[in-house]
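This report refers to the structure that appears directly beneath it.
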Number of protein chains: 2
Amino acid sequence: MIKRLLSKRNVYFDHNATTHIASPVRSIMNRVMKSYWGNPSSGYAKGKMSAQIIERAREQVAAAIGAHSHEVYFASCATESNNALLKTVSDHFYPEKNKIISTPIEHPSVINTLEYLKGKNITVQYCPVDRAGHIILEELEAMVDDRTFLVCCMLANNEIGTVQDVKKVAAIAKSKGALVFSDCVQALGKIPVNVKELGVDYATFSAHKLYGPKGIGAWYARISSPLIPFLHGGHQEEGMRAGTESIHNIAGFGEACKHINKLVTAAAKNQSQKKIFLSELKTMKEDLIINSPMDNCLTNTINVSFPGIGSGELMKMLDYNGIAVSAGSACSTSLKKPSHVLKAIGLTDEAAQESIRISLGIETKDKDIRYALKVIKQYIEQNK
Amino acid sequence: MIKRLLSKRNVYFDHNATTHIASPVRSIMNRVMKSYWGNPSSGYAKGKMSAQIIERAREQVAAAIGAHSHEVYFASCATESNNALLKTVSDHFYPEKNKIISTPIEHPSVINTLEYLKGKNITVQYCPVDRAGHIILEELEAMVDDRTFLVCCMLANNEIGTVQDVKKVAAIAKSKGALVFSDCVQALGKIPVNVKELGVDYATFSAHKLYGPKGIGAWYARISSPLIPFLHGGHQEEGMRAGTESIHNIAGFGEACKHINKLVTAAAKNQSQKKIFLSELKTMKEDLIINSPMDNCLTNTINVSFPGIGSGELMKMLDYNGIAVSAGSACSTSLKKPSHVLKAIGLTDEAAQESIRISLGIETKDKDIRYALKVIKQYIEQNK
């Protein structure tokens, strides 16, 4: 039975799934859609102006991730970028080298691509992670061999918030002659990201996790790393990604990246909100399981299991009360399988299916937290 | 030497490269960006509203092409759609069947993908076309054999405007047990397109050729045709195209498709403008070569060669006078190679490099035509 428990308030707690589009981002997208719609590949003035918009955005994205602008390539989303890099790099090295080491808590766009590659004779091994989701570096060291061409490790996990020590991962990979790929989608805008400091060869990003538009992503490829086209056709993106550019989406991504420091700073506020949230939840439900790590974790991400309460039921109740949260990754919520991330950190199927993810954002107010806590508390008390 | 010849007027004659975004399209995109940014994969109200926006757009696109909405899949662009279908369908049939028949005048996103597939053991044969670019059906009939799994023929050519008899192409393919793929990007919005009447199994479309946004395309796949994911990850688009949807772009595509009949009707106006343009050009330059066919051609597309005048020089002069035209496909203008399309219809390298494409649109005015004709006339007279 779903009941409205308090005077309703709309609270969006699913910033890891997607964010709203910030007003200055929408502004520039509008301007571009209205005035800069020429084909960037065309030789006349109208086309060249569009090309300039793209190059300015490329510089803005590059600045946000500590790269040179000619190391940044736009694609339609991070999923495309992950598919493109993993598949073409595999094609490049196979059959001389045939092994990728990754982690069992990668995003579905990485995991499912790796599983696809298994069918193409690529050996994929998943390095174990600890109870907090952190990759076990000693295990990684033992796994990387001279047939390994790529180590693939996300910077921040979307479901539980675990931040990996990608710098150390990269050092291990390099010492064995392997390249390093990092899905940085969930990290950018929440923690500082500098691809040079991380020491990775490839990294991927998405605008819609940082108050930019949906339908635009980017990948970083270090200058000397192998790069092979995935989409064939025109010569866009230096021949590396064919297809007429979504100029307004690209401009929106650039604008979102201009505000990256502000976003990262805003995450500090989330830290104290998260602390209050967790301690209050623990008080109202003593057997609460906290799935997000205490250390090296995104400050906005709270993943918890409520023993005895199915996450579907809880989500529905929260939705009815205006509160948007998710069970695991938004990309897999319509599937009934327990989250592969929660399974990998050792949760039972049951505990995994009792988990919800609350992900805060820059506009999250303390009263949003208080409202959600009140709703959850009443629900727990009524269902005791 | 570039000189301004008349009081300048901005004239856009490159609608085959891209179109502006129509005002009602921008309007709905804005509304979506502001209010419907929830992740469509999410189970809560905000996500479901986004999913509804997508499904409405899917119905609008389906209606514009005569398909059922569950046969329409969104992708980031037509290039991605062409890559996805050609590569996955090849993967599906290989090694049992290994041959694709296509035409030598396909768009680069088809030709370059086919060339890539050659390296993956797919036999690709190009059926000859006549001087007007029309596929020679008797040749096609002789080429399709029991190892052929796909016949790939565009509906309308982007460079010269040739409209193919895809219905007959499909009948030939089917009689030999091959599937049919048609790149309909340049046709939609210019001539009526009905995938059922054409009898194709797959077709691809792009919003930015019909006054919709850049960065969104769609493919049609007949219900029983093989369909295999190209991008792996989340379960979006029935598991056939992973990646968070660009909701505003999709909504814009849907809105553009709502006006499809108006667009096709407007093409009638282009027909008389094209006639005037061609006859005046012929008068001012007797040795003008008309590369667009007289019959079965897009009404907006005028491809001509000016013997003795390099297209680069002519384009620059026109651009300086505010007139945007292209030399061949916008996707290949930065390459110095003569157009593969013009070569295929029998032009010499020289004539191919003296050709320009003028593509009219729904907002083209008679005075735009007169202005362009005056500019070209003065230029020709000054360079005699």
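In what follows, every chain begins at residue 1, and chains take the letters A, B, ... in the order their sequences are listed.
For chain B, the option among Ala84(A), Ala324(A), Ala75(A), Ala78(A) with the highest count of heavy-atom pairs below 4.5 Å is Ala324(A). Contacts with chain A were tallied for Glu115(B), Lys46(B), His208(B); His208(B) has the most, counting heavy-atom pairs under 4.5 Å. By number of non-hydrogen pairs under 4.5 angstrom with chain B, the leading residue of Arg241(A), Met29(A), Arg26(A) is Arg26(A). Per-residue heavy-atom pair counts under 4.5 Å with chain B were compared for Gly47(A), Ser206(A), Gly215(A), and the maximum is reached by Gly215(A). Put simply, of Asn30(B), Leu318(B), Leu114(B), Asn10(B), the one with the most heavy-atom pairs under 4.5 Å next to chain A is Asn30(B).
Checked by atom type, the side-chain pair His248(B)/Asn249(A) shows a donor-acceptor distance below 3.5 Å.
Checked against salt bridge (Lys or Arg N to Asp or Glu O under 4.0 Å), Lys120(B) has the following partners two or more places apart in sequence or in another chain: Asp91(A). Every residue was checked against the side-chain hydrogen bond (donor to acceptor under 3.5 Å, both in side chains) condition with Asp319(A), not counting sequence neighbours, and none meets it.
With a 4.5 Å cut-off on non-hydrogen atoms, Lys87(A) touches chain B through its side chain but not through its backbone. Neither the backbone nor the side chain of Ser35(A) comes within less than 4.5 Å of any heavy atom of chain B. Interface remark: Glu245(A) contributes backbone atoms only to the contact with chain B (heavy atom separation under 4.5 Å). Proximity to chain A is absent for every atom of Ser23(B), based on heavy atoms less than 4.5 angstrom apart. Only the backbone of Val325(A) comes within contact range of chain B, with at least one heavy atom under 4.5 Å from a heavy atom of that chain. When heavy atoms are compared at a cutoff of 4.5 Å, Asn83(A) approaches chain B solely by way of its side chain, counted from C-beta outward. Heavy-atom distances place both the backbone and the side chain of His20(A) under 4.5 Å from chain B.
Interatomic distance, CG of Leu231(A) versus OH of Tyr116(B), reported as 10.5 Å (0.5 Å rounding). We find the NZ-OG1 distance between Lys214(B) and Thr244(A) to be 7.5 Å, quoted to the nearest 0.5 Å. One distance of note links CD of Gln236(B) with SG of Cys77(A); it measures 8.5 Å at 0.5 Å rounding. To the nearest 0.5 Å, atoms OH (Tyr44(B)) and CZ (Phe13(A)) are separated by 12.0 Å.
The heavy-atom pair separating Asp14(B) from Ser42(A) by the smallest distance is OD2-OG, 3.7 Å.
In this structure, Tyr36(B) places its OH atom where only 12 or fewer heavy-atom neighbours from other residues, nucleotides or ligands lie under 6.0 Å away. The number of heavy-atom neighbours closer than 6.0 Å to NZ of Lys118(A), taken from other residues, nucleotides and ligands shown, is above 12.
Using bins of under 30°, 30° to 60° and over 60° for the plane-to-plane angle, the ring pair Phe230(A)/Phe230(B) lands in the parallel bin.
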